[in-house]
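Structure, as structure tokens:
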Amino acid sequence: LCYPLLRHWLLSLRALGDVCCLLRLGKVATIRALLAARKLLQGGAEYGYLLNRAWLDDTVIWLQQVPARRLVRLAAALEAAAPSKATVGWPLEQYEALALEDEEGG
């Protein structure tokens, strides 16, 4: 699941920023966003039901029970993590260098 996101590094950073923003807005905003994603998956994806069951349903249930201050702390921890290409566990910089070599050579 992480591969497509890491293929577009700037998109992954924007997605992380959006998640932090949603968490700071509170439980209601976060749950509404997840329910909107759930609706999109249910209507558009062939396996939307399975994706909802695997990822979203339990998360929405958990969010209803978690204190709001925990979401704020989670947002702060995510913002402080400041991921870099070197820390994601994949050799992204090497992959980019190989892709550039391939573009120049072929």
Side-chain angles (χ1 to χ4, degrees):
L1 288 174
C2 68
Y3 179 71
L5 188 59
L6 293 179
R7 286 184 59 196
H8 302 282
W9 183 251
L10 293 178
L11 176 62
S12 67
L13 294 179
R14 293 290 300 262
L16 179 62
D18 288 348
V19 168
C20 292
C21 181
L22 273 173
L23 291 173
R24 287 194 180 282
L25 289 173
K27 283 195 324 186
V28 173
T30 305
I31 290 171
R32 281 186 181 168
L34 288 176
L35 290 176
R38 187 181 193 286
K39 185 176 180 180
L40 286 173
L41 282 173
Q42 190 69 36
E46 182 177 343
Y47 299 104
Y49 171 77
L50 294 174
L51 292 171
N52 283 335
R53 294 284 296 154
W55 297 104
L56 294 179
D57 291 350
D58 290 339
T59 305
V60 170
I61 291 169
W62 174 76
L63 277 171
Q64 292 175 28
Q65 301 169 8
V66 71
R69 66 184 179 282
R70 185 175 293 173
L71 295 181
V72 173
R73 287 196 317 256
L74 179 58
L78 287 173
E79 289 169 344
S84 69
K85 291 180 183 180
T87 62
V88 294
W90 290 31
L92 295 178
E93 292 159 338
Q94 292 173 357
Y95 290 159
E96 288 177 350
L98 288 171
L100 287 175
E101 286 177 18
D102 189 43
E103 277 185 9
E104 292 171 357

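Note that the structure is predicted; figures quoted are calculated from it, not measured.
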Item to check | Selection residues 49-68 - residue pairs positive for salt bridge (charged side-chain N to carboxylate O under 4.0 Å, His left out), sequence neighbours left out | outcome: R38-D57, R53-D57
Item to check | Between CD1 on residue I31 and CG on residue L22, distance to nearest 0.5 Å | outcome: 11.5 Å
Item to check | Single-linkage hydrophobic cluster, 4.5 Å side-chain cutoff, W55 and L35 together | outcome: yes
Next on the checklist: K39: which residues meet the side-chain contact (heavy atoms from CB on, under 4.5 Å) condition with it, sequence neighbours left out?
Outcome noted: none
Checklist outcome for this item: Hits for side-chain contact (heavy atoms from CB on, under 4.5 Å) against L78, two or more places apart or cross-chain, chain-then-number order -> L16, V19, C20, L23, L74
Checklist entry - Can you list every pair that meets salt bridge (charged side-chain N to carboxylate O under 4.0 Å, His left out) and has a residue in residues 14-31, with sequence neighbours left out? => result R24-E79
Name the atoms and distances for all side-chain donor-acceptor pairs under 3.5 Å in residues 61-72, with sequence neighbours left out.
none

Checklist entry - Residues in side chain to side chain donor-acceptor pair (under 3.5 Å) with E93, at least two apart? => result none
Checklist entry - Where the side chain of T87 meets the backbone of P83, is there a donor-acceptor pair that is under 3.5 Å apart? => result no
Item to check | Nearest-0.5 Å distance, NZ of residue K85 to CG of residue L13 | outcome: 9.0 Å
